[in-house]
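The first residue of the sequence shown is numbered 1, and numbering continues consecutively from there.
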Amino acid sequence: MPFERVVAHTLTEEEKEEWEKRGGEAQLHVEIPGLIGWLLDMPIEEMEHAIAHPPSSVIGANIEAMRDSNPVADWVMENCIPSRGEWTRVGIKQEVKDMGGVHYRMEGSYLYPNYLQWCRQNGREPLSIRRFRAKVEDMLKNCLRVDVISLRREEGIGIQGIRLRKPEEPVYDWLNFSQM
């Protein structure tokens, strides 16, 4: 639930005094038993449906909060596309320094070098490769409900079910994602 108005920062002193005269935060506490009663009276089927089918505004707010707090999620949602059956190599960190700055070998094809370059461009602190792979797989499976699995092949370790977005492709619409 987005909280777009913070009382301490947006109210004038007069408005804050009026709020306190009307009970302030304590008036909200009075409502808690009613809220709990409403939740306890809700039929289980209705509760299950509400949890399984949240409004798109809730889904969108959850995705934006995840992007703000998790650089791996932010990178995935900007640079990856679910692709059933497609395997993309994770890769390793191999810096290439040239006149244009620092780049990473295979950043256009492998997940980890692409992530490292994205972190560099966006001022985010990158994770180690081991934590990166685990976070990507966990976040895709459990948060975005993408069917992925880490697989080792002759070429190395990769993730099946995800691919890098090509530069000419639009950013994937994770809000309206439906498993293929």
Side-chain angles (χ1 to χ4, degrees), residues 1-4 6 39 42 44-96 101-180:
M1 171 180 283
F3 294 97
E4 297 170 354
V6 179
L39 290 169
M42 183 183 291
I44 291 175
E45 296 80 24
E46 187 179 333
M47 186 183 339
E48 288 172 345
H49 180 77
I51 291 169
H53 303 92
S56 60
S57 60
V58 171
I59 295 169
N62 288 345
I63 286 175
E64 286 308 310
M66 185 170 54
R67 289 185 80 157
D68 289 344
S69 64
N70 182 339
V72 172
D74 200 12
W75 168 79
V76 163
M77 288 184 237
E78 194 170 310
N79 288 3
C80 295
I81 295 177
S83 184
R84 179 173 278 152
E86 192 159 346
W87 179 85
T88 306
R89 189 166 172 188
V90 172
I92 59 172
K93 179 180 179 177
Q94 290 181 318
E95 286 187 359
V96 176
V102 176
H103 298 280
Y104 297 92
R105 187 170 169 274
M106 304 304 288
E107 67 187 43
S109 304
Y110 295 173
L111 299 173
Y112 191 62
N114 186 278
Y115 163 76
L116 291 171
Q117 186 61 29
W118 180 89
C119 285
R120 182 180 294 279
Q121 291 170 341
N122 289 280
R124 303 293 289 259
E125 192 64 36
L127 298 176
S128 69
I129 191 167
R130 184 181 305 257
R131 289 196 61 223
F132 166 80
R133 190 174 78 233
K135 282 254 190 209
V136 168
E137 192 173 355
D138 178 62
M139 193 262 314
L140 285 165
K141 281 181 181 179
N142 299 315
C143 299
L144 296 174
R145 304 287 188 234
V146 179
D147 188 19
V148 295
I149 187 168
S150 287
L151 293 174
R152 179 179 290 281
R153 294 188 176 170
E154 280 185 32
E155 311 93 282
I157 295 174
I159 298 177
Q160 186 165 314
I162 196 86
R163 69 173 176 82
L164 288 174
R165 180 177 62 84
K166 295 175 178 79
E168 66 275 5
E169 289 180 299
V171 172
Y172 188 76
D173 184 3
W174 291 96
L175 180 58
N176 295 310
F177 169 69
S178 62
Q179 186 66 21
M180 300 171 288

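- No more than 12 heavy atoms of other residues, nucleotides or ligands shown are found within 6.0 angstrom of CD1 on Ile44.
- A salt bridge links Lys141 with Glu137: the closest approach of a Lys/Arg side-chain nitrogen to an acidic carboxylate oxygen falls below 4.0 angstrom.
- Counting only heavy atoms from C-beta outward, the side chains of Ile157 and Arg133 approach each other to under 4.5 Å.
- In this structure, the separation between CZ on Arg84 and CD1 on Ile162 is 12.5 Å, given to the nearest 0.5 Å.
- When all heavy atoms of Ile81 and Glu169 are compared, the pair lying nearest together is CD1-OE1, 3.6 Å.
- The NE2 atom of His103 sits 6.0 Å away from the CD atom of Gln117 when rounded to the nearest 0.5 Å.
- Residue Pro126 comes nearest to Leu116 through the heavy atom pair CB-CD2, 3.7 Å, listed as atom of the first residue, atom of the second, then distance.
- Residues Met66 and Met77 meet the side-chain proximity criterion, which asks for heavy atoms closer than 4.5 Å.
- Contact between Pro71 and Ser69 at its shortest, heavy atoms only, is CD-O, 4.0 Å.
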For this session: Might you work through the side-chain contact (heavy atoms from CB on, under 4.5 Å) test for Val96 and Val102, ending with a clear yes or no?
Result: CA-CA 6 Å; Val96 176; Val102 176; over 6 Å; no
Problem set entry | Verdict with supporting geometry, His53 and Glu48, side-chain contact (heavy atoms from CB on, under 4.5 Å) | CA-CA 8 Å; His53 303 92; Glu48 288 172 345; over 6 Å; no
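- Summarising the geometry of Asn142 relative to Arg145, their closest heavy-atom pair is O-NH1, 2.8 Å, with the distance given to 0.1 Å.
- Atom CE of Met139 sits about 5.0 Å away from atom CG of Leu144, to the nearest 0.5 Å.
- Once rounded to the nearest 0.5 Å, the distance linking CD1 of Ile51 with CD of Glu46 reads 11.0 Å.
- Only one option out of Ile159, Thr88, Asp138 pairs with Val148 in a side chain to side chain contact (heavy atoms under 4.5 Å, CB included); it is Ile159.
- Under a 3.5 Å cut-off, the side chain of Asn122 and the backbone N or O of Trp118 do form a donor-acceptor pair.
- Using a cut-off of 4.0 Å between Lys/Arg side-chain N and Asp/Glu carboxylate O, Lys93 and Glu107 are scored as not salt-bridged.
- Sorted by first then second residue, the ring-ring contact (aromatic ring centres under 6.0 Å, His included) pairs that include residues 126-160, not counting sequence neighbours, are Trp75-Phe132, Tyr112-Phe132, Tyr115-Phe132.
- Atom CZ of Arg130 sits in a sparse spot, with 12 or fewer heavy atoms from other residues, nucleotides or ligands closer than 6.0 Å.
- Taking all atoms of both residues into account, the shortest heavy-atom contact from Leu164 to Cys80 is CD2-SG, 4.2 Å.
- Side chain of Trp174 to backbone of Ile63: no donor-acceptor contact under 3.5 angstrom is found.
- One finds the CZ atom of Arg163 at 12.5 Å from the OG atom of Ser109 (value rounded to the nearest 0.5 Å).
- Within the model, atoms CG of Asn62 and SG of Cys143 stand 9.5 Å from one another, a figure rounded to the nearest 0.5 Å.
- Listed by first then second residue, pairs satisfying salt bridge (charged side-chain N to carboxylate O under 4.0 Å, His left out) with a partner in residues 56-77 read Arg67-Asp74, Arg67-Glu78, Asp74-Arg124, not counting sequence neighbours.
- A side-chain N or O of Arg120 and one of Tyr104 form a donor-acceptor pair less than 3.5 Å apart.
- At distances below 3.5 Å, not a single donor-acceptor pair connects side-chain atoms of His49 with backbone N or O atoms of Glu45.
- No donor-acceptor pair under 3.5 Å is formed between the side chain of Arg152 and the backbone N or O of Gly156.
- Counting non-hydrogen atoms of other residues, nucleotides and ligands closer than 6.0 Å to CD of Glu168 gives a total above 12.
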